[in-house]
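Here's the structure, in structure tokens; my notes come after.
Throughout, numbering of the chain's residues begins at 1 and tracks the sequence.
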Amino acid sequence: EKKKRRHFYEIIEENKKMEFINGEIFFQSPVKKQHNSATKLLCKLLDTFVIKHKLGFVGIEKILVSLTRNDYEPDLCFFGNEKAKDFTPTQMQFPAPDFVVEVLSDSTEKHDRETKFQDYAAHGVREYWIVDA
């Protein structure tokens with residue numbers, strides 16, 4: 001599994017949505033309009049609130065969250081100031097966020113509801129929303 005994960009890091013590209021889940025690489029297809037609309041609206045609301053109150057950093061879509069065994073690209077995530085203060089402009093891998101939103105897609109629903117749910121909880125993610133758009 002370590003070898004497969006190293007391979008994942010070697011082939012990952014900024015223009016492709018890819019996740020490493022339990023030893024396997026998953027490529028994500030483009031999202032439907034309803035998925036994009038839900039993600040965009042939630043991001044606008046959350047980001048506006050976070051900026052106004054200087055609470056941290058909001059990431060969308062291509063933020064690679066690297067946990068002990070898996071790497072995810074959540075639809076939306078928030079890192080409080082304590083974590084975000086150490087982020088750099090060229091950073092590509094991030095720790096477990098404080099808050100994660102996954103907007104369901106037919107192809108990702110099982111991972112979102114099961115694997116990611118358990119993994120995020122085990123890594124201290126305080127809030128996890130699953131949105132059925």
Indicate if [X] and [Y] have the same hydrophobic cluster label, given that clusters are the connected sets of ILVMFWY residues with side-chain heavy-atom separations under 4.5 angstrom.
{"X": "I63", "Y": "L76", "value": "no"}
{"X": "Y9", "Y": "F27", "value": "yes"}
{"X": "F57", "Y": "V125", "value": "yes"}
{"X": "I21", "Y": "F117", "value": "yes"}
{"X": "L41", "Y": "V103", "value": "no"}

side-chain contact (heavy atoms from CB on, under 4.5 Å) between F26 and M18: does it pass, once the steps are laid out?
-> CA-CA 6 Å; F26 290 87; M18 302 165 61; over 6 Å; no

To the closest 0.5 Å, what do you measure between [atom1] ([X]) and [atom2] ([Y])?
{"X": "N70", "Y": "K116", "atom1": "CG", "atom2": "NZ", "answer": "9.5 Å"}
{"X": "S66", "Y": "H123", "atom1": "OG", "atom2": "NE2", "answer": "10.0 Å"}
{"X": "L64", "Y": "Q93", "atom1": "CG", "atom2": "CD", "answer": "5.5 Å"}
{"X": "I51", "Y": "K54", "atom1": "CD1", "atom2": "NZ", "answer": "11.0 Å"}
{"X": "E14", "Y": "I12", "atom1": "CD", "atom2": "CD1", "answer": "9.5 Å"}

Could you pull out the closest heavy-atom pair between [X] and [Y], with the gap in Å?
{"X": "R5", "Y": "D71", "result": "NE-OD2, 2.7 Å"}
{"X": "D98", "Y": "G80", "result": "OD2-N, 2.6 Å"}
{"X": "V65", "Y": "P95", "result": "CG1-O, 3.7 Å"}

Kindly check if the number of other-residue, nucleotide or ligand heavy atoms within 6.0 Å of CD (Q91) is above 12?
-> yes

Over 12 foreign heavy atoms within 6.0 Å of CD, E82 = no

Do the side chains of [X] and [Y] get close enough for a salt bridge, i.e. N-O under 4.0 angstrom?
{"X": "E102", "Y": "R113", "answer": "no"}
{"X": "K40", "Y": "D75", "answer": "no"}
{"X": "D119", "Y": "R69", "answer": "no"}
{"X": "E13", "Y": "K16", "answer": "yes"}

Pairs satisfying ring-ring contact (aromatic ring centres under 6.0 Å, His included), at least one member in residues 62-86, at least two apart =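 Sorted result for residues 62-86: Y72-Y120, F79-F87, F79-F94.
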
Got a sec, which hydrophobics cluster with M92, joining ILVMFWY side chains under 4.5 Å apart, including via others?
->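 Members besides M92: none; it forms no cluster.
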
Mind listing the side-chain donor-acceptor pairs of residues 126-133 below 3.5 Å, one per line with the distance, residues two or more places apart or on another chain?
{"unit_1": "E127", "atom_1": "OE2", "unit_2": "W129", "atom_2": "NE1", "d": "2.9"}
{"unit_1": "Y128", "atom_1": "OH", "unit_2": "D112", "atom_2": "O", "d": "2.7"}

State, yes or no, whether a side-chain contact exists between Q28 and E19 at a heavy-atom distance under 4.5 Å.
->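 SC-SC contact between Q28 and E19 confirmed.
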
Worked verdict on K32 versus D106 for salt bridge (charged side-chain N to carboxylate O under 4.0 Å, His left out) = CA-CA 10 Å; K32 295 176 182 171; D106 294 339; 3.6 Å; yes

Can you name the one residue among T39, V101, L46 that meets side chain to side chain contact (heavy atoms under 4.5 Å, CB included) with I60?
->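 Among T39, V101, L46, the one meeting side chain to side chain contact (heavy atoms under 4.5 Å, CB included) with I60 is T39.
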
Under the side-chain contact (heavy atoms from CB on, under 4.5 Å) criterion, do E73 and E61 qualify, and how do the steps go?
-> CA-CA 6 Å; E73 291 186 347; E61 292 288 329; over 6 Å; no

